[in-house]
S.K.: 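The following block contains the structure, expressed as structure tokens.
Bear in mind the structure is a predicted one, so any value in this text is a computation, not a measurement. Naming convention: chains lettered A, B, ... in sequence-line order (proteins, then strands); numbering from 1 in each chain.
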Protein chains: 4
Amino acid sequence: MSADKKEHIILTAIDLFATKGFEGTSIREIAAAANVNLAMINYYFGSKEKLFESIIEYKASHSRVALEELVQDTSLSPIQKIDATIDGYIDRLFGHRNFHRLIQQELITHTRTTLQTHIVNNIIYPNSRAISHIIEEGIQKGDFKEVDPRLTTITLVGTINQILLSTRYCSKMLSNSDDPDYNPYEDESVKNRVRNHLKLLLHEHLLKK
Amino acid sequence: MSADKKEHIILTAIDLFATKGFEGTSIREIAAAANVNLAMINYYFGSKEKLFESIIEYKASHSRVALEELVQDTSLSPIQKIDATIDGYIDRLFGHRNFHRLIQQELITHTRTTLQTHIVNNIIYPNSRAISHIIEEGIQKGDFKEVDPRLTTITLVGTINQILLSTRYCSKMLSNSDDPDYNPYEDESVKNRVRNHLKLLLHEHLLKK
Amino acid sequence: MSADKKEHIILTAIDLFATKGFEGTSIREIAAAANVNLAMINYYFGSKEKLFESIIEYKASHSRVALEELVQDTSLSPIQKIDATIDGYIDRLFGHRNFHRLIQQELITHTRTTLQTHIVNNIIYPNSRAISHIIEEGIQKGDFKEVDPRLTTITLVGTINQILLSTRYCSKMLSNSDDPDYNPYEDESVKNRVRNHLKLLLHEHLLKK
Amino acid sequence: MSADKKEHIILTAIDLFATKGFEGTSIREIAAAANVNLAMINYYFGSKEKLFESIIEYKASHSRVALEELVQDTSLSPIQKIDATIDGYIDRLFGHRNFHRLIQQELITHTRTTLQTHIVNNIIYPNSRAISHIIEEGIQKGDFKEVDPRLTTITLVGTINQILLSTRYCSKMLSNSDDPDYNPYEDESVKNRVRNHLKLLLHEHLLKK
DNA sequence: GATGAATGAGTATTCATTCAT
DNA sequence: GATGAATGAATACTCATTCAT
């Protein structure tokens, strides 16, 4: 099968899984939505579960986070790294919100434990730890106050996740909108507002006066 | 059927739905786990979906949030209300984390739109709005800075949600533990740490110097 | 489900499995032939494999062989026991030839090893050993010659099995018939011929002159 | 395709079919085990069923039984022919037991009727009839008693078949062994024992005193 | 001639739900 | 009111086979 077709199936599956959940999506639906033969999905991915794993793998390799490099960049001050992290996170997660929701769902439930361990150990935790390292570096350098680096990281990540959690909730909270067609994640003013809020919040929390 | 039995089924279902997702849980499993007849669940709740709605309803009525009252309490200052909110949220959500995860799952996915609208409109949004009101009150009174009340609310709620998201992630982040049997949510030191972090964070963010 | 219906399914399945093999028979076919709902078979037997096991169990309990008693019967001489065994075997196996073929198929193939072990250890081997015991008793008593008891048993059992193996082969060999509708197993003259042959053969082989 | 490759596929298929049955074996498995392309099997043999037929054909032509010649050999007495038959059968069938089991399976079940007819008419029955002819010749010559030639043949063939039926049964009966790795068919002492038993048995049965 | 890719029809099994009692 | 039995529709998956290259 062409790599294109494989990618097409994966992208289709991400949207469906994100929208209806893993168990709530049948490979029939995926096949229909991707306009490919039902048997081919099993033929090429092996099983529904392996398709899921392929999605994780695909995304992990295609949207590799630049956080590690950021941590080791010596040309930036800690607070500049925090700002860059906020900007990068918002751009990336808002853009890939369906995949992000997929991951969130997988983390909430306790089925497929080994896959979950993989996601935490190789995707989620490394990112969070990188942010924590930046904060620890700032503390060490004397730029930042003696905050709780892990919980500060969780606040940063959690704020964005809370926004991405539900379109409906986000629309109501940030735009007072009940319009089901309004997409707050592609509204630049919303993104800017989130960026400013997080930067303000973390500057106050981290920087010594 | 006795109300007790009904409650028993609901509590059993919450745990299963939270752990395996709505579509990932069969009413057979619920019947077996609750030790009741399979047909009885349909007989009393009507359908699997209606059982889900009953869970929402039951929880909404049994753990009604005291936030509305808090907002209107004139004996407390805004920052005292914020502190009380943090304490209350942590206690309540950590204690009912399975139901909370259930709600989160429902919000992430887009199936059962009307139920989701119900949850957002009647449970999640009112709570968030109440917190926002407290912040707005603090701004109006001149106690708080001119922050973004909605996003500050989202930070408060999102931080706790991020912690509740995944036991595994939480254990690694807050206790450096890979032990699958360790339950961070019943570790008082973890709860205290979260409380202190959030209060420090929000005091800095909200209070004028 | 009524025991009758369960039995009906089992009897239908025996015929189909015997005719088309285990993997060659679908539970769809069984359901159709037994005129029951497809899902009910899985509902009551658990799986196709468990249905197979139920067949074994059912037959084992319904056609318990009287061989053990025969062995310990002190009123009969060893050669009388051999004759009784021949008569009993022919009647029973000719009558239940489809179940018998089922067992044979299961023994030839090496799938479902544990079930096969069960069949050999609990059904086939005990019967053969009982016959061997009779022969050993005859040798010990001085009635029989010093033959190989195990191989003599195999000859007895193998002769009958060879006849039951294939209707077509049996018809050609014993009746010179190519008529596909002719059933040699319900032809009394065939049964008699087999009985006489086996008795003559074994008398010569076993009895001292 | 080279004849070698074709033969390789056939030999691989014999083992798989014998072990797991015709319907229990997929051509995918055969392709994988023979290390050839899946499509090639269909391409060269036409279909799974035709592959089966090719196996029959291949074996029939490669292990053509010398029985016909034996019958017409005038230099041997009837009892010498019987002895030669016993020796030849044991050697050949023990050596090709997988192919033999394949044939047995095909005879037990009633699927593929025309193929079965072919096997009976062209392979099994001619062999059995040849043996019967030897016996009839012995009777005619006055060497043998007036036994039932057909049933005596069945006893000869049936005894060997019963031994070949199941490794497990054979091991338990002839070696009191439960060791799954023990192969009684390559144990020379077992073969000798069978030879001696059959010769003794048939000499007594056939030869006039 | 040989084969990777594709597919329609099939498999066993599980599901939520209904119904007769 | 309560429940064992039953069922139609769906599930993931596998199959032998075909076909374009």
S.K.: Applying a 3.5 Å limit to both distances, which nucleotide forms a Watson-Crick or G-U wobble pair with F/dA12?
M.R.: E/dT11

S.K.: Does a side-chain N or O of A/Y43 approach OP1 or OP2 of F/dT14 to a distance below 4.0 Å, or not?
M.R.: no

S.K.: Regarding C/N161 and C/H100, is there a side-chain donor-to-acceptor distance under 3.5 Å anywhere?
M.R.: yes

S.K.: Does OP1 or OP2 of F/dA6 have a side-chain N or O of C/K5 closer than 4.0 Å?
M.R.: yes

S.K.: Rounded to the nearest 0.5 Å, what's the gap from CG on D/N98 to CG on D/L164? Could you check?
M.R.: 10.0 Å

S.K.: For the CD atom of B/E7 and the OH atom of B/Y58, what is their distance to the nearest 0.5 Å?
M.R.: 3.0 Å

S.K.: Where along residues 105-118 of chain A does a heavy atom fall under 4.0 Å from DNA chain E?
M.R.: none

S.K.: Whole-Å distance between F/dA5 C1' and C/F45 CZ?
M.R.: 14 Å

S.K.: Report the distance from atom OG of A/S54 to atom CD of A/E49, rounding to the nearest 0.5 Å.
M.R.: 11.0 Å

S.K.: If you pin B/E49 and C/G46 to their nearest nucleotides in DNA chain E, which one's is more 5'?
M.R.: C/G46

S.K.: If I take atom NZ in residue C/K6 and atom C1' in nucleotide F/dG4, what distance separates them, rounded to the nearest angstrom?
M.R.: 13 Å

S.K.: Whether A/K59 engages the ring of A/F99 as a cation-pi pair (distance to the six-membered ring centre under 6.0 angstrom, angle to the ring normal within 45°) should be assessed.
M.R.: yes

S.K.: Return the set of residues passing side-chain hydrogen bond (donor to acceptor under 3.5 Å, both in side chains) with C/R112 (not counting sequence neighbours), or none when no residue passes.
M.R.: C/E23, C/E106

S.K.: What nitrogen or oxygen pairs link the protein and nucleotides 8-12 of chain E at under 3.5 Å?
M.R.:
| from | atom 1 | to | atom 2 | distance (Å) |
| --- | --- | --- | --- | --- |
| E/dG8 | OP2 | A/N37 | ND2 | 3.3 |
| E/dA12 | OP1 | C/I27 | N | 3.1 |
| E/dA12 | OP1 | C/K48 | NZ | 3.3 |
| E/dA12 | OP2 | C/I27 | N | 3.3 |

S.K.: Find the partner of E/dA6: check Watson-Crick (N1-N3 plus N6-O4 or O6-N4) and G-U wobble (N1-O2, O6-N3) distances, both under 3.5 Å, and reply none if neither fits.
M.R.: F/dT17

S.K.: To the nearest 0.5 Å, how far apart are CD in D/E29 and OG1 in D/T12?
M.R.: 12.0 Å

S.K.: Please state how far atom CG in B/N35 lies from atom C1' in F/dT3, giving the value in whole angstrom units.
M.R.: 14 Å

S.K.: What is the distance, rounded to the nearest whole Å, between atom NZ of A/K20 and atom C1' of F/dA10?
M.R.: 13 Å

S.K.: Is there side-chain contact between C/F45 and C/I10, with at least one heavy-atom pair below 4.5 Å?
M.R.: yes

S.K.: Tell me the interatomic distance from C/I30, atom CD1, to E/dT13, atom P, rounded to whole angstroms.
M.R.: 10 Å

S.K.: What orientation do D/F52 and D/F17 show, parallel under 30°, tilted 30 to 60°, or perpendicular over 60°?
M.R.: tilted

S.K.: A/M40 CE to F/dC15 C1': how many Å, rounded?
M.R.: 17 Å

S.K.: Tell me the interatomic distance from A/I9, atom CD1, to E/dT7, atom P, rounded to whole angstroms.
M.R.: 10 Å

